[in-house]
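Reviewing the structure listed below.
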Amino acid sequence: MPVEITKRDYSLVGKDTKAAEERGLADAQWYACNISRSRLKELMQRKDGPAIRDTLIWFAALVITGTLGYMTWGTWWAILPFAAYGVLYGSPSDSRWHECGHRTAFKTVWMNDVVYEIASFMVLRESVPWRWSHTRHHTDTIIVGRDPEIAVPRPPDLLGIALAFFSLKNGPKEIGKMVMHCFGRLNPAEATYIPDVERHKVYRNARIYILIHASVIACAIATRSFLPLMYIGLPSFYGAWLMVVFGLTQHAGLAEDVLDHRLNCRTIYMNPVFRFLYWEMNYHVEHHMFPMVPYHALGSLHRELKDDMPKPYNGLLEAYREIIPALLKQVKDPTYHVQRQLPRAIQPVTTHAPAAMATA
Amino acid sequence: MSDDWIEACQSGDIEKEDVMRFDQGDRTFAIYRTADDQYFATDGLCTHAKVHLAGGFVQGNIIECPKHNGRFDFTTGKAKAAPVCVDLKTYPVKIESGKIFFKPG
């Protein structure tokens with residue numbers, strides 16, 4: 001019997017927004033696995049060392065591949081270094097944007113902020129609107145009508161997903177928003193999560209981004225060469241594919257409108273190279289449950305919590321063996337989703353309240 | 001002792017560089033202990049999303065909200081980093097006979 005397709009409203013100002021609020025799904029309390037306060041405190045400790053090391057390696061790799069690209073420009077050999085440069089520019093910038101946005105990557109606050117601004121530019125995300133968008137994503141993870149970062153609304157737009165591998169869907173949208181922000185305007189969805197006091201920063205930063213992009217385009221025109229654009233601007237498109245390969249695994253095909261990150265996020269075991277590029281965001285359930293824990297401690301947090309977690313995926317391949325069929329099913333039946341098996345029945349939702357609590 | 005002062009806990013009930021939740025009636029507070037054994041008190045909920053700060057992370061004079069990583073200087077209540085924009089209310093604290101008192105006002 002054919003399933004009737006009811007399209008849900010994924011906008012932040014539509015009928016599902018109201019429905020989510022009425023159902024108590026907005027600003028709700030989420031399930032949190034049990035962990036002692038003292039252990040959590042250990043895991044929350046911030047360090048500069050790992051992120052400085054990783055950032056130096058990242059930038060060094062960009063310089064090396066960029067130099068090789070320059071040296072081979074004009075020959076077919078240039079494809080190889082620019083393929084590497086592009087993916088290093090357009091994909092790890094997502095995880096750097098993410099971790100530094102939470103200000104957990106480095107212990108030193110300004111280091112988080114500097115890398116956040118650079119990575120935001122590289123990944124073609126305006127730093128201020130996306131900080132607020134991501135805040136909402138953490139408040140209302142995959143709650144329809146509330147979460148602005150649902151990557152695969154149902155029914156899935158398969159062409160849109162394919163285009164996303166080279167930022168051909170979101171990229172132009174982001175540039176459009178950037179231009180709009182230059183003129184001092186927000187769209188209605190942004191107005192729901194960006195407070196008034198932050199809006200001047202949105203407009204200021206958009207003008208800076210546009211100025212940089214315009215300068216690079218002017219440089220390309222002046223030198224009659226695509227080369228400047230191969231370094232800044234275009235890699236946000238041609239190097240985005242690995243970000244999408246990683247990013248789709250976070251929530252695609254899983255449940256909507258649940259208050260338990262174990263049901264709407266994936267934790268995937270990955271090799272050390274992928275974990276470096278993705279900054280351990282493969283431990284995605286753990287990150288959502290305890291966003292104060294820095295990326296370099298997520299593996300340890302995972303080991304603490306794994307008995308109360310669904311079975312992790314053993315690599316990207318295993319995850320995509322689930323995701324691809326799930327998305328294909330959702331095209332015909334948007335109500336379908338993967339049901340994660342919890343190790344035991346869902347317990348009542350708990351708060352992040354620490355062990356120590358006194359009452360008058 | 002003035003009736004305005006409320007006993008929150010023993011000084012040793014909070015670890016160094018940590019925070020404890022204290023509820024009184026329908027109000028909730030956060031009591032902090034710094035690395036050099038100073039004590040502070042603020043409202044217990046983050047001004048951004050009303051999450052209990054007592055689940056957060058104390059580093060120096062900063063309390064980081066457990067939900068969205070917003071930061072306050074708990075000695076002054078000043079909002080230090082997005083997504084918090086509104087300052088936190090602070091309350092006077094005193095220690096007497098190893099007990100922590102604060103004045104919620």
Side-chain angles (χ1 to χ4, degrees), chain A residues 26-30 32 35 37-38 40-46 99-105 107-110 112-113 116 127-128 130-141 193-199 201 288-294 350-360, chain B residues 5-10 12-33 41 44-60 62-71 73 79-86 99-102 104:
Chain A
D27 292 319
Q29 289 197 325
W30 287 67
I35 181 169
R37 173 77 182 160
S38 57
L40 187 59
K41 266 179 70 182
E42 285 170 11
L43 294 171
M44 288 190 292
Q45 293 304 318
R46 306 296 153 78
E99 292 305 291
C100 294
H102 281 282
R103 295 196 178 91
T104 52
K107 182 176 182 179
T108 306
V109 176
W110 69 262
N112 285 307
D113 291 342
Y116 179 71
S127 56
V128 179
W130 275 87
R131 186 188 291 283
W132 288 95
S133 147
H134 197 65
T135 296
R136 177 67 76 82
H137 173 62
H138 271 268
T139 306
D140 299 317
T141 311
Y193 56 77
I194 304 176
D196 289 346
V197 291
E198 290 278 292
R199 292 181 183 182
K201 296 180 195 165
H288 266 277
M289 205 175 272
F290 296 104
M292 301 160 294
V293 174
T350 58
T351 66
H352 289 288
M357 185 181 102
T359 314
Chain B
W5 290 92
I6 291 175
E7 182 184 333
C9 57
Q10 298 285 330
D13 288 346
I14 314 175
E15 287 183 26
K16 284 176 189 277
E17 279 212 307
D18 207 358
V19 54
M20 192 183 82
R21 175 174 161 183
F22 178 80
D23 290 342
Q24 194 209 21
D26 57 357
R27 297 180 72 185
T28 184
F29 304 91
I31 314 290
Y32 308 84
R33 179 180 178 183
L45 299 178
C46 177
T47 57
H48 166 240
K50 307 296 173 204
V51 173
H52 282 284
L53 291 168
F57 176 54
V58 174
Q59 185 174 254
I62 298 294
I63 174 70
E64 184 179 292
C65 172
K67 185 77 175 173
H68 301 106
N69 307 82
R71 291 172 178 221
D73 181 335
K80 300 294 279 187
V84 296
C85 302
V86 178
K99 291 175 182 171
I100 309 299
F101 295 86
F102 76 108

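Residue numbering restarts at 1 for every chain, and letters A, B, ... go by the order of the sequence lines.
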Identify the two heavy atoms, one from A:Cys100 and one from A:Asn112, that lie closest to each other, and give their separation to 0.1 Å. CB-O, 3.2 Å
Is it the backbone or the side chain of B:Ala82 that comes under 4.5 Å from a heavy atom of chain A, or both, or neither? both
Selection from A:His134, A:Gln45, A:His138, A:Arg46 maximising heavy-atom pairs under 4.5 Å formed with chain B: A:Arg46
If you measure from the Lys or Arg side-chain nitrogens to the Asp or Glu carboxylate oxygens, is any gap between A:Arg37 and B:Asp18 under 4.0 Å? yes
Of all heavy-atom pairs between B:Ala30 and B:Val19, which one has the smallest distance, and what is that distance? CB-CG2, 3.8 Å
Using non-hydrogen atoms only, which part of A:Val128 is less than 4.5 Å away from chain B: side chain, backbone, both, or neither? neither
Heavy atoms only, distances under 4.5 angstrom: which of B:Lys50, B:Gln59, B:Glu17 has the most pairs with chain A? Name it, please. B:Gln59
For A:Thr135 and B:Pro83, indicate whether the former's side chain and the latter's backbone hold a donor-acceptor pair under 3.5 Å. no
Please determine, among A:Thr139, A:Asp27, A:Asp113, the option with the most heavy-atom pairs under 4.5 Å with chain B. A:Thr139
Is any side-chain N of the basic residue among B:Glu64 and A:Arg103 closer than 4.0 Å to the acidic one's carboxylate O? no
